[in-house]
Number of protein chains: 2
Amino acid sequence: MNDVFLADCRARLAFDLMANTWNPVVLWALREGPLRPAELRRRLGGISTKVLTETVRRLEFNGLVSRRDCGRTAKVEYSLTDLGTTLLAPIEAFGEWAFRYGDEVMAAQDEAARFRDLA
Amino acid sequence: MNDVFLADCRARLAFDLMANTWNPVVLWALREGPLRPAELRRRLGGISTKVLTETVRRLEFNGLVSRRDCGRTAKVEYSLTDLGTTLLAPIEAFGEWAFRYGDEVMAAQDEAARFRDLA
DNA sequence: CTGTATCCTTATAGATACTG
DNA sequence: CAGTATCTATAAGGATACAG
């Protein structure tokens, strides 16, 4: 993988899937099985119903999540598709990275912020 | 790594580093050594000078990239810090994913788009 | 060549209220 | 409970022109 990486739009495509606040976290939250919207919201923390719906629709559009309407209203479940499941490993790689190096990033931010104050 | 993943803000921090169009690609472009801004722009494709500067400043702020002013004007180099280098592996994981599954994503998009047209 | 300064368009996200 | 509808705020990205 050389500079195809930069040229090939498939790489861009993968990054675009991560280039948003909720996509990766929603995929991760669904890793163990289907969830209903309310439960999903609880796990995600401060996400509004509107943003959750948008996010899930986006993931559905990209083939990563499927929506199942079991019954009629108020009986909905979201789950990972097979394709969505393949994204868990890369996502986890970032999670692991965060646990190892998150402190260093925050330290760098503090440093940069202090420097900015001095200037 | 259970639901700490969702609660711990360090995970958010890592995702935020990816949650933007240019951050990951710039890091990747710098993987083999320092680059001057003009060369960096060439490798990235359609990025404006303004956006490149913003991106690189952001990465600098987070301790992932360092700017070296060799001489005075028009003699600048950007390179990965040690911390920035640790992000290459997770980024590559997404690149690999894209090459394996990018076609499936695009197929899903086409499918969804067609379905939308019918509806 | 590097970087800043404007201006503009769009997407994301959040808050809130409301419908089935 | 699921989802839509508004409205608002903000940030990202892009185009372009200009300064050091």
Taking atom [atom2] of [N] as reference, at what distance in whole Å does atom [atom1] of [X] sit?
X	N	atom1	atom2	answer
B:Glu39	C:dC1	CD	P	11 Å
A:Asn23	C:dA13	CG	C1'	13 Å
B:Asp16	C:dT12	CG	C1'	13 Å
A:Arg57	D:dA5	CZ	C1'	14 Å
A:Arg41	C:dA15	CZ	P	10 Å
A:Leu17	C:dT12	CG	P	12 Å
B:Asp69	C:dT2	CG	C1'	10 Å
A:Leu44	C:dT12	CG	C1'	16 Å

Handout entry: Sequence-distant partners of B:Arg42, salt bridge (charged side-chain N to carboxylate O under 4.0 Å, His left out), two or more places apart
Key =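 So B:Arg42 forms a salt bridge (charged side-chain N to carboxylate O under 4.0 Å, His left out) with B:Glu39.
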Practice task
Establish whether the base of D:dT4 is bridged to the side chain of A:Thr49 by a donor-acceptor pair shorter than 3.5 Å.
Solution key: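 Answer yes: a donor N or O sits under 3.5 Å from an acceptor.
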Problem - Any residue meeting side-chain contact (heavy atoms from CB on, under 4.5 Å) with A:Asp16, in chain and number order, not counting sequence neighbours - result: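 Only A:Arg12 meet the side-chain contact (heavy atoms from CB on, under 4.5 Å) criterion with A:Asp16.
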Handout entry: For B:Asp82, all residues meeting side-chain contact (heavy atoms from CB on, under 4.5 Å), sequence neighbours excluded
Key =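 So B:Asp82 forms no side-chain contact (heavy atoms from CB on, under 4.5 Å) with any residue.
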So which protein N/O to nucleotides 12-15 of chain D N/O distances come out below 3.5 Å?
from   : atom 1 : to      : atom 2 : distance (Å)
D:dG13 : OP1    : B:Thr21 : N      : 2.5
D:dG13 : OP1    : B:Thr21 : OG1    : 2.4
D:dG13 : N7     : B:Lys50 : NZ     : 3.4
D:dG13 : O6     : B:Lys50 : NZ     : 3.2
D:dG14 : OP2    : B:Trp22 : NE1    : 3.0
D:dG14 : N7     : B:Lys50 : NZ     : 3.4
D:dG14 : O6     : B:Lys50 : NZ     : 2.2

Problem - Partner residues of B:Thr86 under the side-chain hydrogen bond (donor to acceptor under 3.5 Å, both in side chains) criterion, sequence neighbours left out - result: A:Trp97
Practice task
Output yes when at least one side-chain N/O atom of A:Arg36 is less than 4.0 Å from OP1 or OP2 of D:dA2, else no.
Solution key: yes
Problem - salt bridge (charged side-chain N to carboxylate O under 4.0 Å, His left out) partners of residues 51-62 of chain B, not counting sequence neighbours, each pair once - result: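 Of all non-adjacent pairs touching residues 51-62 of chain B, those that pass salt bridge (charged side-chain N to carboxylate O under 4.0 Å, His left out) are B:Lys50-B:Glu54.
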Exercise for the section: Using a 4.5 Å cut-off on heavy atoms from C-beta on, say whether the side chain of B:Thr81 contacts that of B:Val65. Expected result: no
